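First comes the structure, then the notes that go with it.
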Amino acid sequence: MGKTFKVCTLPGDGIGPEIMAEAKKVLAAIGERFDVAFACEDALIGGSAIDATGGKTALPEETLDAARASDAVLLAAVGGPKWDDTSEGAVRPEQGLLGIRKELGLFCNLRPVRIFSSLAGASPLRPDLLEGVDLLIVRELTGGMYFGEHARTDDGARDTCVYSASEIERVVRRAFDAARGRRGHVTSVDKANVLETSRLWREIAAEVAGEYPDVEFDNMYVDNAAMQLVANPAQFDVMVTENTFGDILSDEASMLTGSLGMLASASLGTGTALYEPSHGSAPDIAGRGVANPLAQLLSVELMLRTSFGLVDAADALSGAIERVLDDGWRTADIADDATPADRIVGTSAMGDKVIAAL
Ligand code: IPM
Ligand code: MG
């Protein structure tokens with residue numbers, strides 16, 4: 001019997017439990033095929049944690065302990081209208097997600113944007129614009145406005161954006177390392193014409209770039225980058241940027257693939273890593289069995305590859321997903337006018353198709 005990997009699974013809210021069920025099914029199938037085992041244990045996060053703790057916290061201490069004691073964390077999604085309380089000091093589901101990123105030191109978020117050729121018709125962009133698109137967004141994940149002071153004043157509010165030089169350096173370095181294993185091109189995205197944090201970002205990025213003479217490097221303002229992502233997305237290899245810009249640009253970039261339901265992510269620090277789809281909990285379709293599980297399964301692929309070193313298993317999973325799409329199977333979000341009705345399947349059937357293709 002091969003090795004057993006301990007996975008802390010965090011189904012969370014909304015469609016989270018439905019797509020996590022598919023991830024577990026697929027892990028079990030991979031375990032059988034590759035003679036390894038995955039011991040998945042659920043813990044609470046987000047709205048479901050708020051409910052279970054009587055409104056106290058979105059990130060119970062036991063969840064953090066379980067995460068730290070595991071080989072990797074696999075998260076689905078958090079949030080929903082039930083917990084949408086905008087009053088000051090309210091306990092919100094997102095605090096669970098931001099809290100675990102911070103506590104595990106997951107400063108580097110990788111969001112690969114990969115086009116599946118059979119999905120080209122599902123993207124709102126013309127297929128010719130998608131040719132050659134294969135980019136990686138490296139998003140700083142534990143700094144910036146997300147973690148600065150948030151405050152209400154008598155007649156307003158403020159959110160503070162703070163970055164230290166070392167916070168910038170470590171994530172930019174990861175971007176350059178990633179570029180070496182890809183097409184060797186880093187674009188650093190900032191708003192250095194306006195923001196002081198961006199001017200520091202630009203200085204540090206140039207310093208790091210000096211240590212990677214083999215990697216092509218350029219800077220781009222974030223507004224221009226947003227435009228270039230739809231005008232000429234194939235120009236990008238690795239984009240590295242701060243937390244808020246990365247949040248926004250990665251949702252935008254996901255539509256190159258046809259759906260936010262296709263974008264996986266890996267959040268890395270120096271210890272246990274976390275893998276999660278880039279999309280949210282989609283409360284509007286929760287509980288209906290129609291959510292697209294593929295971003296969750298692509299997150300599993302990243303976990304197998306990055307945390308467990310199971311490259312063959314990761315390749316097999318990626319190949320299986322590609323085959324299922326090539327065979328025309330679609331969840332509703334990636335279907336288009338040309339998709340026959342009998343090829344549109346639900347969450348669980350999509351998981352089954354991937355397992356069959358494995
Ligand atoms: C993401 C999400 C989160 C973020 C939300 C749910 C707090 O949008 O992972 O991109 O903004 O980081
Ligand atoms: Mg986001």
Side-chain angles (χ1 to χ4, degrees), residues 10-17 19-20 44-50 57-59 63 67 73-86 90-113 135-148 150 159-161 163 167 171 189 222 225-226 229 239-257 259-269 273-286 291-292 294-296 298-299 302-303 333:
L10 306 175
D13 312 318
I15 60 168
I19 57 178
M20 185 62 87
L44 289 168
I45 194 164
S48 48
I50 295 177
T57 177
L59 182 63
T63 298
V73 182
L74 186 65
L75 182 134
V78 299
K82 180 177 175 194
W83 307 280
D84 255 341
D85 181 351
T86 57
V91 180
R92 297 180 50 93
E94 291 77 12
Q95 291 162 356
L97 183 57
L98 301 185
I100 198 166
R101 287 173 179 170
K102 192 72 173 178
E103 291 293 331
L104 297 183
L106 307 173
F107 63 86
C108 175
N109 182 226
L110 306 179
R111 296 187 164 183
V113 179
L135 65 96
L136 174 68
I137 295 183
V138 180
R139 170 187 175 193
E140 200 290 325
L141 202 60
T142 52
M145 222 169 9
Y146 275 66
F147 292 92
H150 308 288
D159 299 283
T160 318
C161 185
Y163 268 108
E167 281 176 317
V171 71
V189 176
V222 63
L229 265 177
M239 302 176 91
V240 61
T241 191
E242 65 92 51
N243 205 345
T244 306
F245 298 160
D247 177 47
I248 299 166
L249 291 181
S250 59
D251 265 32
E252 186 191 4
S254 76
M255 287 313 290
L256 303 172
T257 70
S259 168
L260 189 49
M262 296 299 299
L263 203 66
S265 90
S267 302
L268 314 173
L274 181 148
Y275 299 84
E276 60 168 320
S278 301
H279 59 71
S281 60
D284 53 322
I285 56 164
N292 181 354
L294 293 180
Q296 186 76 62
L298 290 165
S299 302
L302 282 173
M303 175 175 82
D333 58 310

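Since we're looking at a predicted model, the values are computed, not measured. All ligand and atom numbering here is 1-based and tracks the order in the structure. Excluded from the calculations below are hydrogen atoms, water molecules and symmetry mates; all remaining heavy atoms, backbone and side chain alike, are included.
For the Mg ion (ligand 2), the count of nearby protein N/O/S atoms, taking only those under 2.8 Å, is 1.
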Legend entry - Check against side-chain contact (heavy atoms from CB on, under 4.5 Å), Leu110 and Leu302: CA-CA 10 Å; Leu110 306 179; Leu302 282 173; 5.9 Å; no
Inset, instruction - Dump the intermediate steps for side-chain contact (heavy atoms from CB on, under 4.5 Å) on Trp83 and Arg92, then the final yes or no. - result: CA-CA 6 Å; Trp83 307 280; Arg92 297 180 50 93; over 6 Å; no
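Applying the 6.0 Å contact sphere to CE of Met255 captures more than 12 heavy atoms from other residues, nucleotides or ligands.
At least one donor-acceptor pair closer than 3.5 Å links the side chain of Asn292 to the backbone N or O of Gly261. Of the possible donor and acceptor atoms, none in the side chain of Asn243 sits under 3.5 Å from a partner among the backbone N and O of Tyr146. Although no hydrogens or angles enter the test, the distance criterion places no donor-acceptor pair under 3.5 Å between the side chain of Ser265 and the main chain of Ser278.
Between Leu75 and Leu274, the shortest heavy-atom contact is CB-CD2, 4.3 Å.
A 4.5 Å side-chain heavy-atom check between Cys108 and Val171 finds at least one atom pair inside the cut-off. Looking only at side-chain heavy atoms (C-beta outward), Gln296 and Ile15 stay at 4.5 Å or farther from each other.
Within 4.0 Å of ligand 1, heavy atoms belong to protein residues Glu94, Leu97, Arg101, Arg111, Arg139, Tyr146, Asp247.
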